[in-house]
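Below is one structure, written out as structure tokens; the observations come after it.
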Amino acid sequence: MTPLKNDIFIKTLLKQPVDRTPVWMMRQAGRYLPEYREIRAKAGSFLNLCTNPELACEVTLQPLERFDFDAAILFSDILTIPDAMGLGLYFSEGEGPKFKNPIKTASDIDKLPIPDPDIDLRYVVDAVSLIRKNLQGRVPLIGFSGSPWTLATYMVEGGSSKSFQKVKGLMYEQPKLMHKMLNKLAQSVASYLNAQIEAGAQAVMVFDTWGGMLSTEDYNEFSLNYAKQVRSLLKTNIDGQEVPTIFFTKGGGLWLEDMAEAGYSALGLDWQTDIAIARARVGDKVALQGNMDPISLYASPESIRKKVATILQKYGNGSGHVFNLGHGILPDVNPEHVKAMVDAVHEFSPQYHLK
């Protein structure tokens, strides 16, 4: 395939020297862009958009036409695996994702298949291949999956939740059953990410959106344990090149030291974690990705520039920092404010990479 013209994102994740800090943004292909909304309307539904490789490719590339991002991320959804397991994913307007067949019994867990990505998730694999081809080496492509724990929360709750009563109830009352489901999910996630890597993803990210809802001992047992299992199953050496891996637990700032031992190249940070303290805690074990508050993009461009400068200054000198938001961009942010953030990273970061 075409060699990378801009590889600072990859080099940074591997803590190799670069001349500036790379920047990309979670949900960078999404509803804040009018051109995305046009394609979404054309597709007829969010799921139609996700399952059409040509349209998924088009929206993946859209933000790169507007902003000088250093990576593209596959346009998809974290719930593709449960859908491929037969749970029947659908989206209700204003309510988020839901499942027609949520997990309710032990037999439901027994019957869960481990999807074959080349068959059951072919549309994602095809999208990765198409995006990589169309990028023509411009920037690296990030593949991703939800973490086993996060996928389990949606599968048991039947959708989004505030209390996580059902999934925590299963975890506390029938831990062996919970482990059985999480083990199947870890195998599924690893297989899915390996298929994305084989199709052309040059880095992969595991989103543990709901790990922060757990106590420390439960996080280690039911979330981090399975993120480690996923990492151990990933095939990240491709033709002698290392494919970097990122693990992000929203609300996971308490457990950075444990997360740094999980085998990933980098850890994502939400905005509640001070990046200077995080760097001091993890040392040279991993790169760090983050961590501007997504709400700060509603502020003026000048305020955004100051926020960017503060985060860069707190991380300090040297490689190992990928600038990003602490979570995904919100739908009604002004795209010009995104440009202010990206331009500020490009302007302010070179001083921290002087040789």
Side-chain angles (χ1 to χ4, degrees), residues 13-14 26 73-74 76-85 87 103 109 112-118 120-121 124-125 128 141-156 167 171 175 177-214 218-238 242-252 255-269 282 285-289:
L13 291 176
L14 299 175
M26 288 183 274
I73 184 166
L74 163 71
S76 188
D77 191 79
I78 65 168
L79 298 178
T80 50
I81 288 175
D83 188 44
M85 287 176 153
L87 271 66
I103 299 296
I109 293 172
L112 284 175
I114 295 172
D116 180 339
D118 290 324
D120 306 307
L121 291 158
V124 177
V125 176
V128 171
L141 173 61
I142 307 166
F144 72 91
S145 174
S147 72
W149 167 255
T150 291
L151 297 181
T153 66
Y154 287 100
M155 292 165 70
V156 176
V167 71
M171 179 182 79
L177 203 55
M178 190 76 214
H179 282 301
K180 186 174 188 177
M181 178 164 65
L182 289 167
N183 185 58
K184 284 189 175 187
L185 284 167
Q187 293 177 61
S188 301
V189 168
S191 174
Y192 183 47
L193 290 177
N194 281 332
Q196 291 183 39
I197 291 169
E198 194 174 331
Q202 291 146 295
V204 291
M205 183 164 173
V206 175
F207 286 89
D208 185 32
T209 310
W210 299 122
M213 299 296 105
L214 294 167
D218 292 333
Y219 175 76
N220 278 299
E221 182 177 352
F222 294 97
S223 179
L224 187 58
N225 180 38
Y226 290 96
K228 288 178 181 176
Q229 185 176 326
V230 168
R231 180 62 191 91
S232 72
L233 295 170
L234 292 182
K235 299 170 184 172
T236 57
N237 191 301
I238 303 297
E242 181 66 17
V243 174
T245 54
I246 308 164
F247 179 54
F248 173 50
T249 294
K250 185 169 177 275
W255 310 305
L256 288 176
E257 291 85 354
D258 290 336
M259 291 159 65
E261 300 289 346
Y264 289 82
S265 312
L267 299 180
L269 300 176
V282 302
K285 286 181 182 171
V286 289
L288 294 173
Q289 179 175 276

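Below, each value reflects all heavy atoms present in this structure, side chains not excepted, and no hydrogens, waters or symmetry copies.
- Looking only at side-chain heavy atoms (C-beta outward), I103 and M181 come within less than 4.5 Å of each other.
- A side chain to side chain contact (heavy atoms under 4.5 Å, CB included) with F144 holds for exactly one of V204, I78, V206; it is I78.
- In this structure, the side chains of V286 and S265 stay at 4.5 Å or more apart for every pair of heavy atoms.
- Using a 4.5 Å cut-off on side-chain heavy atoms (C-beta onward), N220 and N225 make no contact.
- Of all the heavy atoms in G146 and L151, the pair that sits closest is O-CD1, 3.8 Å.
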Steps toward side-chain contact (heavy atoms from CB on, under 4.5 Å) verdict (Q289, L269): CA-CA 6 Å; Q289 179 175 276; L269 300 176; over 6 Å; no
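- Between M155 and L87 the shortest side-chain heavy-atom distance falls below 4.5 Å.
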Verdict with reasoning, N183 to Q229, per side-chain contact (heavy atoms from CB on, under 4.5 Å): CA-CA 8 Å; N183 185 58; Q229 185 176 326; 2.8 Å; yes
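- When every heavy atom of V230 is checked against every heavy atom of P148, the shortest pair comes out as CG2-CG, 3.9 Å.
- Counting only distance, with no hydrogens or angles, the side chain of N194 and the backbone of L233 share a donor-acceptor pair below 3.5 Å.
- I246 CD1 to I142 CD1: the interatomic distance, rounded to the nearest 0.5 Å, is 5.5 Å.
- In this model, a donor atom of one side chain and an acceptor atom of the other lie less than 3.5 Å apart for T150 and S147.
- Taking CD of Q196 as the start and OG of S76 as the end, the distance is 7.5 Å to the nearest 0.5 Å.
- Looking only at distances, no side-chain donor or acceptor of Y192 sits under 3.5 Å from a matching main-chain atom of Q187.
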D218 vs M171, side-chain contact (heavy atoms from CB on, under 4.5 Å): CA-CA, chis, key distance, verdict: CA-CA 9 Å; D218 292 333; M171 179 182 79; 3.6 Å; yes
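- Here the two rings, on W255 and Y219, have centers that are under 6.0 Å apart.
- Nearest heavy-atom pair, S191 versus P115, reported as atom, atom and distance to 0.1 Å: OG-O, 4.2 Å.
- Counting only distance, with no hydrogens or angles, the side chain of W149 and the backbone of D208 share no donor-acceptor pair below 3.5 Å.
- Closest heavy-atom contact between Q202 and P244: O-CD, 3.2 Å.
- When all heavy atoms of S145 and I81 are compared, the closest pair comes out as OG-CD1, 3.8 Å.
- Distance check: T153 OG1 to L214 CG gives 9.5 Å after rounding to the nearest 0.5 Å.
- Separating the NZ atom in K184 from the CG atom in L112 is a distance of 5.0 Å, to the nearest 0.5 Å.
- With a 4.5 Å cut-off on side-chain heavy atoms, L224 and M259 count as touching.
- Here the closest heavy-atom approach between residue T245 and residue G263 is recorded as OG1-O, 4.2 Å.
- To the nearest 0.5 angstrom, D120 atom CG is 10.0 Å from D83 atom CG.
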Test log, rule side-chain contact (heavy atoms from CB on, under 4.5 Å), inputs M205 and F247: CA-CA 6 Å; M205 183 164 173; F247 179 54; over 6 Å; no
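- Atoms CE and CG, from M178 and L185 in turn, are 8.0 Å apart once rounded to the nearest 0.5 Å.
- Side-chain contact check for F207 versus T249: every heavy-atom pair is 4.5 Å or farther apart.
- Relative ring orientation between F222 and H179 is described as parallel, the plane-to-plane angle staying below 30° on a 0-90° scale split at 30° and 60°.
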